[in-house]
Amino acid sequence: MREGWLLDIYPDGNDMVLWVTRGGSARSFRIHYPPYFYVSASEGRLDALRGGMEEEEVSISTGYELKRTRIRDYERRRVLRVEVESGRFNYLIPRIQSLEERGYRFFNVDVPRAQGFLYERDLFPMGRVSFSSLGSDIESLDDRFSTDYVPPPLKEVRMDVQPKTSINAAVESIRFEGEEEFELDGGNEGERILDAVGALDELDPDVVYLTGRDLSQISRRAAARGISSELRFGRDKTRALSRGRGKSYFSYGTVYYKQPYSPFFGRMRIDPENSFMYEDSGMEGLVELARLTKIPLQKSSTTSPGTGISSMQIDQAYRDGLLIPWRKQEPEEFKSALQLLECDRGGFIFEPGKGFYTGIGEIDFASMYPSIMERHNISPETVLCDCCDGADAPSVPECGYHICTRRRGLIPKVIAPLLERRAYYKEQVRRGVEGAPGYDMRQKAIKWLLVTCFGYLGYKNARFGRVEAHEAVTAFGRDKLFKSARAAEEAGYEVLHGIVDSLWLKRGGATEDDYEELCERIEGVTGLRISLEGIYRWIVFLPSKMDPQVPVLNRYFGTFEDGEIKARGIELRRSDTPGIVKRAQLEMLNALSEARDLEEYVERIGRCVSIIRRYSRWIREGDVDVEDLIISRRASKAPWEYSNLSSIAVSSLKLHRTGKTVKPGQFIGYVVTDSSSPDPWERVEPVEFYEEGSRYDADKYIDDVIRAGATLFEGLGYGYEFMRSLVTDGSRQRTLA
DNA sequence: CATTCGCGGGG
DNA sequence: GTGTACGCGAATG
């Protein structure tokens, strides 16, 4: 075997271990690649450092290279590359950190080693490679930016552990599903676990689907049986399962929980329930992501898209001979994307009055912010560059910053192929071309890379962030939205509202063709792609609490001409709304979708009342699935840190009491058992303990359904109380019952 | 009533 | 990459 797909790569001592698969059969080889970093300092001090390192034998080798050390500086300078014995790397970190105070600057210290290897060797995970029999030279047979690549034929297996009562419960059976299905339930617990290791060896899959929860259970039980070191689920028999703890971290005002990363060395373990990318865009999306970002698939399946775009930027820096500073140099004020979004709200004012409209068209810019960065060459080093003169370089609207005309920025270099690629995939899907289902998953994966790249420009600790670049993007955005609105008005449209990358317009009798024509005009004016999202039969913008006369943009719903429903911010979009409530609200929206005007809309309140009554009956009579009653929320604190005995606090405390650890950021599902009980402990039950057929608070769920119905008539003079009175109207209810 | 808590949004 | 939007609705005490 001399060819295959690069499946997995990880450091081991001073080597990198590479696994190449042909689908169910893989082989590995090692390439010498010790950890290294770069140092810059004045000439004399660099020589002194080199001498010192060699004398103390902390380095394997040192050598001078010419590299760029600052993104805004294009001159290559002499820097020292230091290769270190892997065992001494961690010991060295605090020592070199102290040297920073004495004028030394360190680079590429915290670049993940596997990725660094791939950047340098021009290889990428999931790419086709050839190698010599000894494995000493490996070569890419693939183009990272090709769109018609052959994805690796991966052999897959699903593993499932029973029982799931507790993460500490003894493993009674492990089920395998792949080419064949079988269950390991004989022998004692330790034997069952070791049989699972043996079964993987025999099946030899490339991909193992196994949830983090099940893996933790196996890991804990193996520890209890003293066989942790025998948990070698990977192809690499020298590496046992690592036992990490999950981590909670804070981001954008929310606590997130990150599962411990426990890779299967030489295979890929995918957690189908805790991989955002897998859930959103499947294995096709993950393969696309790993190829583009160079983060080994197993790892990128657990990380955020932001890590992916960051990796692509570092890869570009390697290409440009630019070193990666250890820590970001210039800390600056951080403004979140959403904060800016808030500022933009003042851009256009809604006409006051009722929130019900008919004949409204919505047009949206495609990937607006990334397109602006690409088109206007916005990057940390191009905005207010040192090489161009402010007078003749193009300038940013409002703030007047000039942008470099001599050099293409690092960020646009990364974004351009992504935009082009996504547009190509979307076009293929639209035309129904063969391979299109996979193309749709691929374009979705790219979408997330594009969405995050703007946020990173304004994030003060991002490696390639700069607040002025961030400002430039939003300034261009406002300018383009404003110009679009003007173009729309010139074409006879009334601009109802505009926000960031969307405009809601009205012109009596305007057809799809009219809107397409307008979009073309706007593309001409702004240079960006814009398209018709759809023409609404009707749309309702819910009133703001601050000023009930003014509708708000983050809570609205409506029906397009083709009957498709679009809703934002209402119950059915919330992840903590129980399924039964979501279904009822969606059914009501469908009933309303046929309405042609306000009168017809209001008339249909009767149908909504019937729907609510039907759901009430189901709920009251116990004709519902437990699944549909579960409320799922993210715990922001440890169980004992809550100040109120709220539903989430009680649920996490109940779990905690029985030894199920609940980390901040983890999702907790619970059923409301008796919301009005004076004893908070009686009010809710976590799903883990909730038994089929036990009681739930029917009144509470019915109330939620009524509320969800009332939302659809909010601002039209019918509130919750009114809806409730219609539903509970005695005589009619008796007729129904 | 004040306070606490979790969610949204990009396709 | 540990970044602490901000407005809202619902629940607690």
Side-chain angles (χ1 to χ4, degrees), chain A residues 110-112 247-256 258 280-281 303-307 309-311 314 326-328 331-343 345 364-370 422 426 429 440-441 443-456 458-465 499-502 531 533 542-546 552-555 566-571 573-577 631-637 641-650 652 664-665 667-668 672 675-676 678 680 683-684 700 703-704 707-708 710-711 714 720:
Chain A
D110 49 358
V111 174
K247 271 205 313 202
S248 300
Y249 65 98
F250 193 88
S251 170
Y252 275 114
T254 303
V255 181
Y256 293 91
K258 196 173 185 302
D280 188 64
S281 45
T303 56
S304 69
T307 319
I309 198 75
S310 183
S311 175
I314 298 173
W326 190 358
R327 278 180 300 267
K328 217 266 182 185
E332 266 166 321
E333 279 297 297
F334 174 75
K335 252 186 175 179
S336 84
L338 276 114
Q339 204 178 337
L340 285 146
L341 209 123
E342 293 297 320
C343 301
R345 289 224 168 122
D364 299 337
F365 283 102
S367 299
M368 186 198 227
Y369 285 164
R422 176 151 188 254
K426 282 178 79 169
V429 173
D440 195 40
M441 299 305 241
Q443 71 87 8
K444 275 163 101 179
I446 299 172
K447 177 195 74 189
W448 287 111
L449 291 176
L450 290 170
V451 164
T452 42
C453 70
F454 165 68
Y456 271 49
Y459 166 40
K460 68 170 178 281
N461 289 325
R463 282 186 162 115
F464 301 105
I499 182 170
V500 187
D501 57 358
S502 309
S531 62
E533 168 82 350
L542 290 178
S544 141
K545 287 285 142 164
M546 307 293 281
V552 292
L553 259 175
N554 50 6
R555 296 182 72 218
K566 179 169 178 179
R568 291 293 179 268
I570 63 173
E571 287 84 348
R573 294 285 298 188
R574 292 179 65 101
S575 62
D576 60 347
T577 304
I631 295 171
S632 169
R633 296 185 128 165
R634 201 192 287 274
S636 66
K637 305 174 191 312
E641 286 173 337
Y642 285 93
S643 43
N644 296 340
L645 285 173
S646 61
S647 310
I648 194 94
V650 168
S652 57
F667 281 95
I668 294 179
V672 181
S675 65
S676 53
R683 290 175 194 158
V684 294
K700 197 264 170 203
D703 206 54
D704 282 357
R707 255 175 233 285
T711 297
E714 210 178 290
Y720 160 76

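Throughout, a chain's letter reflects where its sequence line sits, starting with A, and its residues are numbered from 1.
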Chemist: Not counting sequence neighbours, which residues clear salt bridge (charged side-chain N to carboxylate O under 4.0 Å, His left out) with R422(A)? List them please.
Modeler: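 R422(A) satisfies salt bridge (charged side-chain N to carboxylate O under 4.0 Å, His left out) with no other residue.
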Chemist: Under 4.0 Å: is that the gap between some side-chain N or O of K426(A) and OP1 or OP2 of dG11(B)?
Modeler: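 Looking at the OP1 and OP2 atoms of dG11(B), neither is under 4.0 Å from any side-chain N or O of K426(A).
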Chemist: Specify the separation, in whole Å, of atom OH of Y720(A) and atom C1' of dA11(C).
Modeler: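 My rounded result for the distance is 14 Å.
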Chemist: dT12(C), OP1 or OP2 - any side-chain N/O from R683(A) closer than 4.0 Å?
Modeler: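 Answer is yes, contact under 4.0 Å.
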Chemist: From the list dC5(B), dG11(B), dC7(B), which nucleotide is the closest neighbour of the side chain of R568(A)?
Modeler: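 Side chain of R568(A) sits closest to dG11(B).
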Chemist: Is there a side-chain contact between S575(A) and the phosphate of dG8(B), meaning an N or O under 4.0 Å from OP1 or OP2?
Modeler: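 Yes, because at least one side-chain N or O of S575(A) sits under 4.0 Å from OP1 or OP2 of dG8(B).
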Chemist: Whether Y642(A) contacts dG6(B) is assessed here as follows: a side-chain N or O lying under 4.0 Å from the phosphate OP1 or OP2. Is that the case?
Modeler: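 Yes, such a contact exists.
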Chemist: Measuring to OP1 and OP2 of dT12(C), would you say a side-chain N or O of S643(A) lies under 4.0 angstrom away?
Modeler: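 Answer no for this pair, as no side-chain N or O of S643(A) is under 4.0 Å from OP1 or OP2.
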Chemist: Please give, in whole Å, the distance from dG6(B) P to E571(A) CD?
Modeler: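 Answer to the nearest Å: 19 Å.
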Chemist: Does the side chain of R422(A) get closer than 4.0 angstrom to OP1 or OP2 of dG11(B) through an N or O atom?
Modeler: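 False: R422(A) side-chain N/O out of range (4.0 Å or more) of dG11(B) OP1/OP2.
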Chemist: Check every atom of dG9(C), dT12(C), dG6(B) against the side chain of I648(A) and return the nucleotide holding the closest atom.
Modeler: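 Given the options dG9(C), dT12(C), dG6(B), the side chain of I648(A) is closest to dG6(B).
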Chemist: Going through the checks in order, is the side-chain contact (heavy atoms from CB on, under 4.5 Å) test met by F464(A) and S310(A)?
Modeler: CA-CA 8 Å; F464(A) 301 105; S310(A) 183; over 6 Å; no
Chemist: Please determine whether a side-chain nitrogen or oxygen atom of K637(A) lies at a distance below 4.0 Å from atom OP1 or OP2 of dC5(B).
Modeler: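 Checking K637(A) against dC5(B): at least one side-chain N or O falls below 4.0 Å of OP1 or OP2.
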Chemist: Less than 4.0 angstrom between a side-chain N/O of R574(A) and OP1 or OP2 of dC8(C), yes or no?
Modeler: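 Checking R574(A) against dC8(C): no side-chain N or O falls below 4.0 Å of OP1 or OP2.
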Chemist: Side-chain donor or acceptor of R573(A) under 3.5 Å from a matching atom on the base of dG11(B)?
Modeler: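 Indeed, a donor on one side and an acceptor on the other fall under 3.5 Å apart.
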Chemist: For I314(A) and R463(A), what are the C-alpha separation, side-chain angles and deciding distance, and is it a side-chain contact (heavy atoms from CB on, under 4.5 Å)?
Modeler: CA-CA 9 Å; I314(A) 298 173; R463(A) 282 186 162 115; 3.7 Å; yes
Chemist: Does any donor-acceptor pair link the side chain of S367(A) with the base of dG10(B) at a separation under 3.5 Å?
Modeler: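 No pair found.
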Chemist: When the P atoms of dA5(C) and dC5(B) are considered, how many whole Å apart are they?
Modeler: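 My reading of the P atoms in dA5(C) and dC5(B) gives 15 Å.
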Chemist: Among residues at least two apart in sequence or on other chains, which ones pass salt bridge (charged side-chain N to carboxylate O under 4.0 Å, His left out) with D703(A)?
Modeler: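 Residues passing salt bridge (charged side-chain N to carboxylate O under 4.0 Å, His left out) with D703(A): R707(A), R724(A).
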